[in-house]
Amino acid sequence: MKRSKYEHFTLPFRFFAPSVFILLGSLLAGIFAYHKTSELVESEAMKNNLAVLNQTRSILDRRFSEIEMIAHQLANDTKVVSFQHVREPYSGTNPYKLLLTEKALLDYRLTNHFLIDYFLVFKKSDMVISPSKVYGLRQFYEMQFNYENMTAEEWSASILNGYHYRTYIPAQRAVYEKKQYSVVSYVQSFGNRSLYGGAVVVMIDNDQIQALLRELDIQQGGFAYIADQEGRIISYVSSDPEFVPEPMVAQGAAPHAELIMNGQKMLVTQTTSSFNGWTFVSAQPLQVVLQKVNYLKQLTWVIFITALIVGLLIAGFFAYRHSRPWQRLLGALALPQPLDQDAPLPKNPMDVIQHSVMRLIHNNELLQERLEKQLPMLKNAFFDRLLKGQFHARRDIEVTMSHLGIQWNHRFSVVAILHVNTYAGDYSEDVLMELDIKKLAIHELIQKAYSRSIFTQDMDVNKIALLMNIDAETADACKAKLRSQLLDLHHQLTSNFHIRAWMVIGGEVEDIVDISRSYEEASLAANYGGWNEDCPVIFQHELSMQLETYYFPTDVETRLLNLVKSGNQSETKKLLEHIEEKNEERQLSYAMKKMLVHELSAALLKCCDMLGMEKGGLAAELELSIKMMEQMQPPEEALENLSAAFCQVTQKIDCRKKSHNDELKDEMLKYIVDNYMRSELSLSMLSTVFQTSEAYISYFFKEQTGENFSEYVEKVRMSKAKSLLTDSELSINEIANWVGYYSLNTFSRAFKRANGMSATQYRRSMQP
């Protein structure tokens, strides 16, 4: 490409003088700040160690909380609970259960790099299951995972011979999938203490823990470690690879202490986790701490003088570089590969820019195509979570639907179970293949004829869940529309594909968050039959089901616990009312009501234990209340008090979350006010500081303040700019740089947009 005429294009060195003034102003401000801050450096050195240690503890508390939540969900998964009773995994229908259990496991490594992997060990069947892996216990230990200096029998005994609850195994060297790791293991048994069927084992990457501990200053003889409540060291780092620390500070000790170790005085900082009671300790030679303070004082003047000289050189370099903008732009976009291999290369700068933009558009289209290919799997995962009641708020569902392109705008939501009728008997390979072909035909028919009103989700070898969004004024009109639509579907299946099927419809709900209830009703009704050729479409309330036991299935219990933990008061109350309605319909006997009271009492205590409520507080009152209800109160009154207790716990969790949110919001606002002058201030910067994602920061900021992040930052900058325009003699260019804008043009546009006049006009209007 010919570029000679652009290479000699130059601009006056008008950028040099402003850069020098800005540099001198920054250095003068730095010297002034030095005199004010150097007096505080020594006293803040010790506080800084504690702040870093607390930050490390906070991050690890959140990480371990996520690990324990994942393990709890796995231990309470219905398929896992069912499979733990299997003794012969390869007989009868047990291989199918084994496959369903393996398929139900999610690969949490995709969203949590803190995990190496996890697996489930089943005591009765000697099986080990993890995402995409199924092994016998010994085979798994020999081929996939093993500790150094530990036999398979010793490892099996440590996991299965005894009930484990929130058990952490300190860091050990291990081999997993033929790779060496340092592993901290978390073990959670499933089942109860007297009858447990195995355990969830989560392998935590100790390198990730050590990376956080290395954020502490442990050079020149320092070290840091984490010890549990029993004094075992879970993980540690040390400047000396051969040194292994021993617990030396007891829980409840002061945050700072000076100890003599190996003849030298050590500054020991410690903090205790309120989440699990672990102690985080860092130790640093006191001489090193003070040496850094003295070194900082001696080095400051040298840095100021050096910065002035280097800054002048850099200012000259940037002034020279800014005088050749076209050359820099062409250097960044020079000789791109054309989209059409036979097309000639661009011959001027604008063609280069245009061609580069075309390539970006082309690559974006390719990316969109790839995302569209992933949509079916994402929709299946979404509908699976929706039917299981794993969404706690309507907003989460609406956002996910928006991303997946699902339209759900009508009043009523209903789930029906379509049962493909087959002969009785075992499912042979030919029968399963025939069923797959029939289900594929059903999916295609519904996608073609009812793509906007009916969505499908495979539930079993011969069952399909139909999720429907019905536009109707009343519930009766909704039922009529449903019956008409499903009868039409049945007619098409029979006449066009010769598929014999029957459908059971659950109750209609007006809030999509409650659609899992409709699914539960349809699933329960499907087990009672009642189908015939003359009545292929049945509503669950039309079946005469003799229900002699109480209604409180495992998935409903799991949803209740999740709602309480999330602090969602309205949804918790609705679910409790739903449970009450279902049990009233069954007309339970006195004994069944007492058993239901026991079940709800156990769930309430489990909820308190899961949320780590302190003894002597709310949890103790609830435990006493439950004992009184079980022993003295009538079942009806006990159930009412239990509902009130659940709401009380949910309210407390909600208040705790709101308090945390207020604290986080105040910290964010303070950080923006303290750093508004930094041009690189952004959502990415906040996400790094507060250790969370940009998307969550944006959502949280808008929810808490009612303003977008960029709008709030601009408002703070404009307020400071107006103050400087009124009270200082700084030029507008200097003010633009002072309040964090890259260029004068960007500042001028922002000021006029926010104030309706230019900065020059504003300054004139404020002059007397």
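The structure displayed is predicted, hence computed values, not measured ones.
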Gap between atom CG of L105 and atom CG of D77 - 0.5 Å precision: 7.5 Å

When you measure from the side chain of S687 to the backbone N and O of S684, does any donor-acceptor pair fall under 3.5 Å? yes

Taking ring-ring contact (aromatic ring centres under 6.0 Å, His included) as the test, write out the residues that go with Y118, two or more places apart. Y108

Is a side-chain donor-acceptor pair under 3.5 Å present for S185 with Y147? yes

What's the separation between atom CG in D117 and atom CD1 in I204, rounded to the nearest 0.5 Å? 12.5 Å

Heavy atoms of I233 and P170 approach each other most closely as O-CB, 3.4 Å

Is the count of non-hydrogen atoms from other residues, nucleotides or ligands lying under 6.0 Å from K103 atom NZ greater than 12? no

If we ignore hydrogens and angles and just use 3.5 Å, is the side chain of E68 paired with the main-chain N or O of S65 as donor and acceptor? no

Can you tell me how far CD1 of I169 sits from CG of D228, rounded to the nearest 0.5 angstrom? 11.5 Å

Counting N and O atoms only, with roles assigned by atom type, does the side chain of T101 sit under 3.5 Å from a partner on the main chain of K97, one being a donor and the other an acceptor? yes

Check whether more than 12 heavy atoms from other residues, nucleotides or ligands sit under 6.0 Å from atom CG of N149, and answer yes or no. no

Verdict with supporting geometry, W155 and N146, side-chain contact (heavy atoms from CB on, under 4.5 Å): CA-CA 8 Å; W155 175 75; N146 58 80; over 6 Å; no

Are the charged groups of D61 and R57 less than 4.0 angstrom apart, N to O? yes

Heavy-atom pair of closest approach, residues V86 and K124: O-CB, 3.6 Å

Is there side-chain contact between K133 and E177, with at least one heavy-atom pair below 4.5 Å? yes

Nearest 0.5 angstrom please: S125 OG to K123 NZ, how far? 12.0 Å

For residues L53 and V281, determine if any side-chain heavy atom of one lies less than 4.5 Å from a side-chain heavy atom of the other. no

R173 atom CZ, neighbour heavy-atom count above 12 within 6.0 Å: yes

Cation-pi geometry met for R166 and F275 (6.0 Å, 45°): yes

F122 and ring pair (Phe, Tyr, Trp, His ring centres under 6.0 Å): which single residue from F83, Y135, F140 fits? F83

Gap between atom CE of M668 and atom OH of Y712 - 0.5 Å precision: 12.0 Å

With a 4.5 Å heavy-atom cut-off, do R678 and M685 have their side chains touching? yes

Any side-chain heavy atom of L681 sitting closer than 4.5 Å to one from F709? yes

Report the C-alpha distance between F114 and E66 in whole Å, list the side-chain angles of each, state the deciding distance to 0.1 Å, and finish with yes or no for side-chain contact (heavy atoms from CB on, under 4.5 Å). CA-CA 10 Å; F114 202 58; E66 293 173 4; 6.0 Å; no

Run the ring-ring contact (aromatic ring centres under 6.0 Å, His included) test against Y168 and tell me which residues pass, sequence neighbours left out. F64, Y186, W278

Nearest heavy-atom pair of V202 and A71: which atoms, and what distance? CG2-CB, 4.4 Å

F145 and F119: ring pair (Phe, Tyr, Trp, His ring centres under 6.0 Å), yes or no, with the steps? CA-CA 10 Å; F145 172 79; F119 50 87; 5.7 Å; yes

Do Y176 and V183 come close enough that some side-chain heavy atom pair is under 4.5 Å? no

Within the distance-only criterion (no hydrogens, no angle test), does the side chain of H85 pair as donor or acceptor with the backbone N or O of G197 below 3.5 angstrom? no

Where A75 and V81 come nearest, the two heavy atoms and their spacing: O-CG2, 3.6 Å

For the pair Q172 and S182, evaluate side-chain contact (heavy atoms from CB on, under 4.5 Å) and give the outcome as yes or no after the intermediate values. CA-CA 6 Å; Q172 300 182 51; S182 178; over 6 Å; no

Are Q180 and V175 packed together at the side-chain level, in the sense that at least one heavy-atom pair is separated by less than 4.5 angstrom? yes

Any donor-acceptor pair under 3.5 Å linking the side chain of Q210 with the backbone of Y236? yes

Close side-chain approach of L576 to C647, heavy-atom, < 4.5 Å: yes

Stepwise, does the side-chain contact (heavy atoms from CB on, under 4.5 Å) test hold for L216 with T269? CA-CA 11 Å; L216 299 163; T269 305; over 6 Å; no

Just one of L74, N76, V80 clears the side-chain contact (heavy atoms from CB on, under 4.5 Å) bar with F190, so which one? V80

What's the separation between atom CD in E102 and atom CG in L98, rounded to the nearest 0.5 Å? 8.0 Å

In short, V134 meets M127 closest at the heavy-atom pair CG1-CE, 3.5 Å

